[in-house]
*Asks:* 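Handing you this structure, nothing more for now.
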Amino acid sequence: MAESDGVDSAGAPEKAFYVTTPIYYVNDAPHIGHAYTTVAGDVLTRWHRQRGERVHFLTGTDEHGEKILRAAEANGMTPQQWCDHMVESAWKPMLAAIDAANDDFIRTTELRHTGPVQQFLRVLHDRGEVYEGTYTGPYCVACEEFKLPGELLQPGDRCPVHDRPVEQLSEENYFFRLSAYQDRLLAHYRDHPQFVQPDSARNEVVRFVESGLQDLSLSRSTFDWGVSVPWDSSHVVYVWIDALQNYITAAGWGSDPQRFAGLWPADVHLVGKDILRFHAVIWPAMLMAAGLALPTTVFANGWLLVGGEKMSKTKLTGIPPQRITDHFGSDAYRYYFLRELSFGQDGSFSWESMAQRYTSELANDFGNLASRLTSMVERYRDGSLPAPAPEPALAGALEKTVLLADDRMCAMDFQAGLAAVFDYVRLVNGYVTDSAPWVLAKDPARAADLDRVLYATAESLRALAVLLNPVMPKSCARLWTSLGAEAALGPLAAQRVQDAGRWGLLQAGSQVRKSEVLFPRLPDDEPAP
RNA sequence: GGGGCGGUAGCUCAGCCGGUCAGAGCAGGGGACUCAUAAUCCCUCGGUCGCGGGUUCGAGUCCCGCCCGCCCUACCA
């Protein structure tokens with residue numbers, strides 16, 4: 001198969017596999033729900049990178065809007081200072097804690113974003129997609145802000161903050177002709193079933209659009225922390241319209257056409273299901289209106305439930321990722337959430353299940369297998385790996401494992417992909433026990449059998465290091481070193497998923513060294529917060 | 001009210017177009033082994049597949065009704 005170096009035969013940059021997370025609102029404190037989406041994107045992109053593809057992984061922060069303005073005021077800072085503070089003290093540390101290898105980090109207050117956003121608005125305006133209109137909605141005088149019909153207290157349409165009746169107020173706004181896109185959106189959903197995933201999310205979106213769309217007001221004039229509407233500086237762009245564009249502005253739209261051509265359209269927008277509608281309805285309509293290509297897939301992941309409830313800041317169930325990574329490490333964190341939960345469905349997090357999977361699967365099954373092998377090669381063969389030898393029982397299973405894992409991971413079915421890999425881990429543990437190399441070692445006449453068993457086990461671990469590297473890069477790097485694989489095979493990052501199932505890659509004489517255990521057993525107890 | 005998804009062994013969940021689909025892992029019980037992180041391996045206990053009808057030679061698997069849970073129902077990041 002063709003190796004990719006990022007350039008196709010014509011010399012033009014190969015279009016990258018482009019994955020995005022939502023940009024996170026800096027006013028929120030990062031919790032495991034944010035990190036879940038980010039980890040999924042990171043593992044997905046690392047997997048494709050391990051397949052030899054050119055990849056681009058984008059994340060970032062959303063920094064405009066009235067809430068930011070008010071939070072900054074409350075903290076005695078300018079909005080920009082407040083955003084800078086939150087990005088540096090909360091959001092970037094979260095990425096470091098989960099070991100995310102994003103290629104870019106976009107902030108909506110950056111000039112590379114705000115300039116192109118204005119350009120985009122002009123394009124919509126010039127194309128007749130925007131008109132001036134009147135927004136009428138429930139308004140609380142005490143709050144000095146519009147309320148959402150759904151949040152009003154009943155009976156009487158009362159403000160949930162002040163418990164007093166709201167009044168209907170009108171504001172002159174600019175509107176986007178979203179309603180004009182109903183049929184085109186429905187046609188797109190119909191012709192591109194992979195556009196919204198999983199199916200449950202797609203169903204909801206289709207039903208929603210079928211029920212009819214209203215035009216969307218895309219500007220605000222009651223505060224000024226946002227991108228100015230280019231033809232009317234008394235308005236700022238509605239924060240969602242601003243935020244969605246990060247996916248193209250970060251890719252170079254409006255600033256770097258060559259870069260944009262090499263990235264857009266995005267292959268996957270990962271989103272939480274709470275913001276699905278913005279990504280599966282408004283965003284594609286905006287792109288259609290501007291004449292741009294649509295992303296291939298919008299994938300909505302489920303929510304993490306804690307104690308059976310959705311995490312909530314107000315209920316103090318929003319768990320910071322660092323609380324878990326401090327105890328279990330980033331590799332285990334990444335593994336746990338993708339292995340335990342079915343991506344796309346809601347799932348429960350509990351400290352107990354995290355500890356259980358850590359101990360059972362990472363420490364006892366995977367880590368211990370590495371210990372068994374390295375210890376025996378040191379003990380029986382002075383740390384020098386025996387020569388390659390066939391072992392059909394394992395080689396056949398490994399080949400199937402690689403094909404299945406690759407298929408599942410590319411489909412974003414991380415749970416099944418990891419299950420396939422760990423089925424193989426179990427198989428190898430069984431193989432070692434059945435082969436009983438410690439018995440073979442006592443009989444010089446069976447030296448060849450011992451060599452074969454040691455080689456087969458090492459070769460299996462070699463493949464596991466490749467397959468698990470996108471999920472657990474730190475541990476797999478140590479395993480790679482421990483196997484002495486780099487001398488003959490090169491860096492772990494250079495190993496291709498497609499070749500991982502080939503038997504006989506590790507070379508005779510590789511220096512195998514027992515290292516610190518990959519996943520030390522840990523106390524199960526949850527540390528006090 | 002309308003809509004979406006789900007309700008399968010103690011726990012977490014697989015089960016595509018109906019016919020070894022009654023499963024996996026963990027937990028529990030028993031045994032083997034000692035290379036290894038008191039790890040590993042094997043065996044085993046265990047479920048009227050939410051409830052009630054229906055279609056069919058045959059239904060967790062399709063249809064209808066009901067019960068329960070979560071979510072969506074437009075400008076909340």
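Reminder, nothing fancy here: chain letters follow the sequence lines and each chain counts from 1. No hydrogens, no waters, no symmetry mates; every other heavy atom, side chains included, goes into these values.
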*Asks:* On the nucleotide B:G3, are OP1 or OP2 found under 4.0 Å from the side-chain N or O atoms that A:Asn203 carries?
*Replies:* no

*Asks:* Tell me every residue that passes salt bridge (Lys or Arg N to Asp or Glu O under 4.0 Å) with A:Lys67, counting only those two or more places apart in sequence or in another chain.
*Replies:*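 For A:Lys67, no residue satisfies salt bridge (Lys or Arg N to Asp or Glu O under 4.0 Å) once neighbours in sequence are set aside.
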
*Asks:* Give the nucleotide from the list B:C76, B:U40, B:U37 with an atom nearest to the side chain of A:Val517.
*Replies:* B:U37

*Asks:* Please verify the inter-ring angle class for A:Trp351 with A:Phe349; under 30° counts as parallel, over 60° as perpendicular, anything in between as tilted.
*Replies:* perpendicular

*Asks:* Can you pull every protein N or O that's under 3.5 Å from an N or O on nucleotides 28-33 of chain B?
*Replies:*
from, atom 1, to, atom 2, distance (Å)
B:C33, O2', A:Trp438, NE1, 3.4

*Asks:* Rounded to the nearest angstrom, tell me the gap between atom CZ in A:Arg202 and atom C1' in B:G4.
*Replies:* 13 Å

*Asks:* Rounding to an integer number of Å, can you tell me how far A:Leu362 CG sits from B:A39 P?
*Replies:*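 Taking CG of A:Leu362 and P of B:A39, I get 15 Å after rounding.
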
*Asks:* Does a side chain donor of either A:Thr457 or A:Arg462 reach within less than 3.5 Å of an acceptor in the other side chain?
*Replies:*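 A:Thr457 vs A:Arg462: no donor-acceptor pair found between side chains.
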
*Asks:* Let me spell it out: for each of A:Ser360 and A:Val425, pick the nucleotide of RNA chain B with the closest heavy atom. Which residue's pick is nearer the 5' end?
*Replies:* A:Ser360

*Asks:* Who are the salt bridge (Lys or Arg N to Asp or Glu O under 4.0 Å) partners of A:Arg408, not counting sequence neighbours?
*Replies:*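 Listed in chain order: A:Asp413.
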
*Asks:* Check this for me, if you would: do A:Asp423 and A:Arg426 make a salt bridge, where the nitrogen-to-carboxylate-oxygen distance has to be below 4.0 angstrom?
*Replies:* yes

*Asks:* Strictly below 4.0 Å: does A:Asn429 bring a side-chain N or O up to OP1 or OP2 of B:A39?
*Replies:*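 No, because none of the side-chain N or O atoms of A:Asn429 sits under 4.0 Å from OP1 or OP2 of B:A39.
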
*Asks:* Please report the distance, rounded to the nearest Å, between OH in A:Tyr431 and P in B:C42.
*Replies:*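 A:Tyr431 atom OH is separated from B:C42 atom P by 15 Å.
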
*Asks:* With sequence neighbours excluded, tell me which residues meet side-chain hydrogen bond (donor to acceptor under 3.5 Å, both in side chains) with A:Asn75.
*Replies:* none

*Asks:* Please classify the nucleic acid contact of A:Phe422 as base, sugar-phosphate, or nothing, using heavy-atom distances under 4.0 Å.
*Replies:*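 A:Phe422: no heavy atom of the nucleic acid under 4.0 Å.
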
*Asks:* Any side-chain N or O of A:Lys273 below 4.0 angstrom from OP1/OP2 of B:G4?
*Replies:* no

*Asks:* Within the structure shown, what part of the strands sits under 4.0 Å from A:Ala416 by heavy-atom distance: base, sugar-phosphate, or nothing?
*Replies:* nothing

*Asks:* Does B:U73 have OP1 or OP2 sitting under 4.0 Å from an N or O in the side chain of A:Arg277?
*Replies:* yes

*Asks:* Not counting sequence neighbours, which residues clear side-chain hydrogen bond (donor to acceptor under 3.5 Å, both in side chains) with A:Asn364? List them please.
*Replies:* A:Arg521

*Asks:* For nucleotides 7-16 of chain B, give me every protein contact, N/O to N/O, under 3.5 Å, one pair per line with atom names.
*Replies:*
from, atom 1, to, atom 2, distance (Å)
B:A14, OP1, A:Gln345, OE1, 3.2

*Asks:* How would you label the contact of A:Leu213 with the nucleic acid (heavy atoms, under 4.0 Å): base, sugar-phosphate, or nothing?
*Replies:*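 Base, at least one base heavy atom under 4.0 Å.
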
*Asks:* If you check every side-chain atom of A:Asn368, which of B:U37, B:C76, B:C71 has the closest atom?
*Replies:* B:U37

*Asks:* Please work out whether B:G60 sits syn or anti, treating a glycosidic angle within 90° of 0 as syn.
*Replies:*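 Here B:G60 takes the syn form, which means its glycosidic angle is within 90° of 0.
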
*Asks:* Choose from B:U40, B:G4, B:C76 the nucleotide whose nearest atom is closest to any side-chain atom of A:Ser200.
*Replies:* B:G4

*Asks:* Pairs of donor and acceptor atoms involving the side chains of residues 275-288 of chain A, under 3.5 Å and at least two apart or interchain, shall be tabulated with distances.
*Replies:*
from, atom 1, to, atom 2, distance (Å)
A:His279, ND1, A:Ile275, O, 2.9
A:His279, NE2, A:Tyr247, OH, 2.7
A:Trp283, NE1, A:His269, NE2, 3.1

*Asks:* Considering only residues two or more places apart or on different chains, which pairs with a residue in residues 212-228 of chain A satisfy salt bridge (Lys or Arg N to Asp or Glu O under 4.0 Å)?
*Replies:*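 Those involving residues 212-228 of chain A do not exist here.
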
*Asks:* With A:Asp365, which residues qualify under side-chain hydrogen bond (donor to acceptor under 3.5 Å, both in side chains), at least two apart?
*Replies:*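 By the side-chain hydrogen bond (donor to acceptor under 3.5 Å, both in side chains) rule, A:Asp365 matches no residue at all.
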
*Asks:* For B:A39, does OP1 or OP2 lie under 4.0 Å from any side-chain N or O of A:Arg521?
*Replies:*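 Yes, because at least one side-chain N or O of A:Arg521 sits under 4.0 Å from OP1 or OP2 of B:A39.
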
*Asks:* Starting at the 5' end of RNA chain B and moving along, which residue's nearest nucleotide shows up first, A:His279 or A:Phe208?
*Replies:*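 Looking at the nearest nucleotide for each, A:Phe208 comes out on the 5' side.
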
*Asks:* For a quick check under 3.5 Å, do A:Ser460 and A:Tyr424 share a side-chain donor-acceptor pair by atom type?
*Replies:* yes

*Asks:* Let me check I have this right: for RNA chain B, each base becomes ., (, ), [, ] or |, based on Watson-Crick or G-U pairs with both distances under 3.5 Å. What is the full string?
*Replies:* (((((((..((((.....[...)))).(((((.......))))).....(((((..]....))))))))))))....

*Asks:* Could you give the CD-to-P distance, from A:Glu361 to B:A27, as a whole number of Å?
*Replies:*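 These atoms are roughly 10 Å apart.
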
*Asks:* Choosing from B:U37, B:A39, B:C71, which nucleotide comes nearest the side chain of A:Asn364?
*Replies:*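 Taking heavy atoms from C-beta onward, the closest nucleotide is B:A39.
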
*Asks:* Considering residues at least two apart in sequence or located in another chain, which fulfil the salt bridge (Lys or Arg N to Asp or Glu O under 4.0 Å) criterion with A:Asp84?
*Replies:* A:Arg107

*Asks:* From CD1 of A:Ile275 over to P of B:A74, roughly how many Å is that when rounded to an integer?
*Replies:*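 It works out to 17 Å between those atoms.
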
*Asks:* Take the protein atom CD of A:Gln356 and the nucleotide atom P of B:C26, then report the distance between them rounded to whole Å.
*Replies:*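 For the pair A:Gln356 CD and B:C26 P, the rounded distance is 9 Å.
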
*Asks:* Can you list the residues that meet the side-chain hydrogen bond (donor to acceptor under 3.5 Å, both in side chains) rule with A:Asn173, with sequence neighbours excluded?
*Replies:* A:Glu171

